[in-house]
Amino acid sequence: MLDVKFIRQNADLVKTSLKNRGASIGLDPLMEKDHERRTLIQKAEELKAARNQFSMKIAKAKGQGGDLEQEKAEMRRISDEIKDLDTRIRDVETAMETMAMEIPNIPHESVPVGSDPNDNQVVRSWGEKPHFDFTPRDHWEVGENLGILDFKRAAKITGARFTVSWGLGSRLERALINFMLDVHTGEHGCTEVWTPFMTNRDSMTATGQLPKFEEELFRTDDFFLVPTAEVPVTNLYRDETLAEEDLPIKLVAYTPCFRREAGSYGKDTRGLIRQHQFNKVELVRFAHPERSFTDLEELTSEAEAILKKLGLHYRVVVLCTGDLGFSSAKTYDLEVWMPAQGVFREISSCSNFVDFQSRRGQIRFKPKQGKKTELCHTLNGSGLAVGRTVAAILENYQQADGTVRVPEALRPYMGVDLIGPMR
RNA sequence: GGAGGGAUGGCCGAGUGGCUUAAGGCGUCGGUCUUGAAAACCGAUGUACCGUCAGGUACCGUGGGUUCGACUCCCACUCCCUCCGCCA
């Protein structure tokens with residue numbers, strides 16, 4: 001959420017931001033409410049000052065045995081008026097909150113202006129496309145032929161867009177999770193956290209999933225299933241004040257992720273690319289505002305490190321204003337090469353939300369030299385999406401006979417060099 | 001599911017209708033002392049909103065009510081804790 005005062009003072013900037021994002025909402029209704037609110041507050045505070053005066057007078061008179069009937073009557077009138085004004089103020093503020101929640105973050109100045117994914121810019125790439133002497137098969141075909149991926153039974157147990165993995169397929173999933181966590185904790189200095197996989201409404205609101213994207217979430221009667229570890233991990237410090245010297249705080253968490261994928265019917269219906277439930281190792285940072293964009297570069301390179309160790313060809317793309325997520329000020333997508341389809345697929349998304357989430361969640365820090373408490377900047381990135389990593393490995397490391405070589409870095413975790421057919 | 005207890009500043013914690021401008025402690029910051037540190041002592045230290053300024057207002061879990069006036073009394077709700085029951 002943006003600060004209403006900031007919107008008021010930087011209306012042009014916010015309007016440009018909305019236009020560049022292709023957003024359809026305007027600022028005028030919010031600004032009108034803002035004006036109304038300030039007028040009402042001024043009136044109410046004047047009356048409250050008067051009420052405090054009268055109250056003091058009555059208290060003193062009572063001490064001297066006096067009885068101020070006239071003042072009491074006046075007080076009653078003032079109190080009624082205050083109550084009325086307070087109700088109106090609250091209504092206006094509720095309306096403003098609803099409107100402000102719908103305004104997306106302002107893209108950072110370094111973000112290219114554009115309308116759709118075609119305007120995203122490739123920043124760099126790593127590795128090379130692997131060469132095949134045969135026509136590479138899609139990962140679901142590789143997995144089903146080996147008997148390690150089982151979409152049919154998953155559909156029977158639950159439904160479409162779920163997966164069962166068997167044997168070394170299951171082990172690959174687990175190996176990747178452990179491998180990623182070990183790299184981020186051991187080499188990147190992240191602290192591992194284990195969180196609830198369901199959260200309440202306040203947490204979903206702070207990170208920006210609610211109120212706008214409720215149709216994307218699975219829910220129980222009481223809670224929402226996490227669509228990403230970003231939600232529980234970022235909310236660890238909601239409504240807390242951190243110490244400046246503790247920043248940046250670097251966390252990493254594994255969670256399953258649950259997404260309805262509403263509006264994506266017909267897209268990626270086969271394989272592991274778009275599932276209702278998938279595993280992800282997530283990097284989250286709480287950063288000092290002065291260096292959060294440096295933190296974004298670091299965090300992105302930490303996610304890249306996993307792809308490098310796995311020997312997977314990828315490229316880094318900076319999202320243009322039109323493709324940028326609602327809460328993000330700047331996002332790099334890591335796209336891994338998928339030889340069967342001959343395309344790069346998103347496998348990680350690394351974003352700096354600046355103070356957008358921390359304002360909603362009141363995540364703050366106290367500067368050392370007696371300055372005012374400030375909002376932290378929050379960042380996160382997949383490090384990586386595990387299901388898509390499995391897909392990438394199956395496609396990039398497949399061999400003519402249908403077996404799949406295990407990337408060097410993963411062998412200690414897999415216990416084998418080769419994934420052969422299930423017996 | 002049943003019974004009971006609780007929610008006050010960064011943290012702990014006192015506070016039964018108007019000197020609450022929220023006691024006291026811890027922590028933090030500054031100072032004195034010290035070669036330096038610790039200890040001791042002295043002082044400072046909440047957040048947000050309105051206003052160009054002066055200044056003003058609000059905030060003791062949330063929302064109502066009573067009252068001239070609510071941290072304090074009444075009602076409802078939320079969350080946390082303890083015990084019992086059930087249970088991986």
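In what follows, every heavy atom counts, from backbone to side chain, and hydrogens, waters and symmetry copies are set aside. What you see is a predicted model; the values in this text were computed from it and never measured. Numbers restart at 1 for each chain; the letters A, B, ... are given by sequence-line order, proteins then strands.
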Enquirer: Looking at G69(B), I'd like to know if its phosphate oxygens (OP1 or OP2) sit under 4.0 Å from a side-chain N or O belonging to Asn52(A).
Expert: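 Indeed not, no polar side-chain atom of Asn52(A) lies that close.
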
Enquirer: Can you tell me how far P in C81(B) sits from the matching atom in C87(B), rounded to whole Å?
Expert: 22 Å

Enquirer: Describe the nucleic acid contact of Arg8(A) in one word from base, sugar-phosphate, nothing, applying a heavy-atom distance below 4.0 Å.
Expert: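 Arg8(A): backbone/sugar contact only, no base atoms under 4.0 Å.
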
Enquirer: Report yes if some heavy atom in the side chain of Phe293(A) is under 4.5 Å from a heavy atom in the side chain of Val354(A); otherwise report no.
Expert: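 They are in side-chain contact.
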
Enquirer: Find the distance Asp239(A):CG to U47(B):C1' and express it as a whole number of Å.
Expert: 12 Å

Enquirer: For the residue pair Tyr254(A) / Glu192(A), report whether a side-chain donor-acceptor contact shorter than 3.5 Å exists.
Expert: no

Enquirer: Which range-with-range stems can be found for RNA chain B when each stem has 3 or more Watson-Crick or G-U pairs in a row and both distances sit under 3.5 Å?
Expert: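 Counting only runs of 3 or more consecutive pairs, the stems involving RNA chain B are B:1-7 with B:78-84, B:10-12 with B:24-26, B:27-32 with B:40-45, B:46-50 with B:55-59, B:61-65 with B:73-77.
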
Enquirer: Across the strands shown, which category fits Lys43(A) at heavy-atom distances under 4.0 angstrom: base, sugar-phosphate, nothing?
Expert: nothing

Enquirer: Please report the distance, rounded to the nearest Å, between CD in Gln42(A) and P in U57(B).
Expert: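 So the CD-P distance, Gln42(A) to U57(B), works out to 14 Å.
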
Enquirer: If we ignore hydrogens and angles and just use 3.5 Å, is the side chain of Arg201(A) paired with the main-chain N or O of Asp222(A) as donor and acceptor?
Expert: no

Enquirer: Please give the distance between the P atoms of A39(B) and G27(B) as a whole number of Å.
Expert: 8 Å

Enquirer: Quantified in whole Å, what is the P atom distance between nucleotide G6(B) and nucleotide G65(B)?
Expert: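 Roughly 26 Å separates the two P atoms.
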
Enquirer: Whole angstrom is fine here: how far is it from CG in Asn200(A) over to C1' in G61(B)?
Expert: 15 Å

Enquirer: Which of residues 76-84 of chain A have a heavy atom under 4.0 Å from RNA chain B?
Expert: Arg76(A), Ser79(A)

Enquirer: Which sits closer to the 5' end of RNA chain B, Ala49(A) or Thr87(A), going by the nucleotide each is nearest to?
Expert: Ala49(A)

Enquirer: Whether the Thr228(A) and Lys280(A) side chains hold a donor-acceptor pair (N or O, under 3.5 Å, no angle test) is what I'd like checked.
Expert: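 A donor-acceptor contact under 3.5 Å links the two side chains.
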
Enquirer: Strictly by modelled atom types, are Gln209(A) and Glu214(A) linked by a side-chain donor-acceptor pair under 3.5 Å?
Expert: no

Enquirer: May I ask you to say what Arg201(A) touches in the nucleic acid, namely base, sugar-phosphate or nothing, with a heavy-atom cut-off under 4.0 Å?
Expert: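 Since no nucleic acid heavy atom lies under 4.0 Å of Arg201(A), the category is nothing.
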
Enquirer: Do Phe218(A) and Phe224(A) have ring centroids that are under 6.0 Å from one another?
Expert: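 Between Phe218(A) and Phe224(A), which both carry aromatic rings, the centre distance is not below 6.0 Å.
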
Enquirer: Using atom NZ of Lys72(A) as one end and atom C1' of G18(B) as the other, report the distance to the nearest whole Å.
Expert: 12 Å

Enquirer: Could you tell me the separation between the CD1 atom of Ile41(A) and the P atom of C50(B), rounded to a whole number of Å?
Expert: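 My rounded result for the distance is 6 Å.
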
Enquirer: Does the side chain of Arg364(A) pick up a donor-acceptor pair with the side chain of Ser358(A) at under 3.5 Å?
Expert: no

Enquirer: Considering only the C1' atoms, how many Å lie between C11(B) and U45(B), rounded to the nearest integer?
Expert: 14 Å

Enquirer: With nearest nucleotides of RNA chain B determined for Ser55(A) and Asp3(A) from heavy-atom distances, which residue corresponds to the more 5′ nucleotide?
Expert: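 Nearer the 5' end of the strand: Ser55(A).
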
Enquirer: Within this structure, what is the CG-to-C1' distance between Asp202(A) and U62(B), rounded to whole angstrom?
Expert: 12 Å

Enquirer: Answer whether the closest heavy-atom distance between the side chains of Lys330(A) and Ser110(A) falls below 4.5 Å.
Expert: yes

Enquirer: Quick one: is Thr373(A) getting a side-chain N or O under 4.0 Å of the U47(B) phosphate, OP1 or OP2?
Expert: yes

Enquirer: Can you confirm if the aromatic rings of Phe326(A) and Phe356(A) lie within a centre distance of less than 6.0 Å?
Expert: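 When the ring centroids of Phe356(A) and Phe326(A) are compared, they turn out to be within the sub-6.0 Å range.
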
Enquirer: Can you tell me if the side-chain N/O atoms of Arg90(A) get under 4.0 Å from OP1 or OP2 in C49(B)?
Expert: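 False: Arg90(A) side-chain N/O out of range (4.0 Å or more) of C49(B) OP1/OP2.
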
Enquirer: Starting at atom CE of Met75(A), determine the distance to atom C1' of G69(B), rounded to an integer number of angstrom.
Expert: 5 Å

Enquirer: Determine: side-chain N/O of Arg51(A) to OP1/OP2 of U67(B), distance under 4.0 Å, yes or no.
Expert: no

Enquirer: Determine the Euclidean distance between corresponding C1' atoms of G13(B) and C26(B); express it in Å to zero decimal places.
Expert: 10 Å

Enquirer: Using the P atoms only, state how far A54(B) lies from C59(B), rounded to an integer number of Å.
Expert: 23 Å

Enquirer: Indicate whether the side chain of Thr234(A) and that of Glu230(A) have a donor and an acceptor atom separated by less than 3.5 Å.
Expert: no

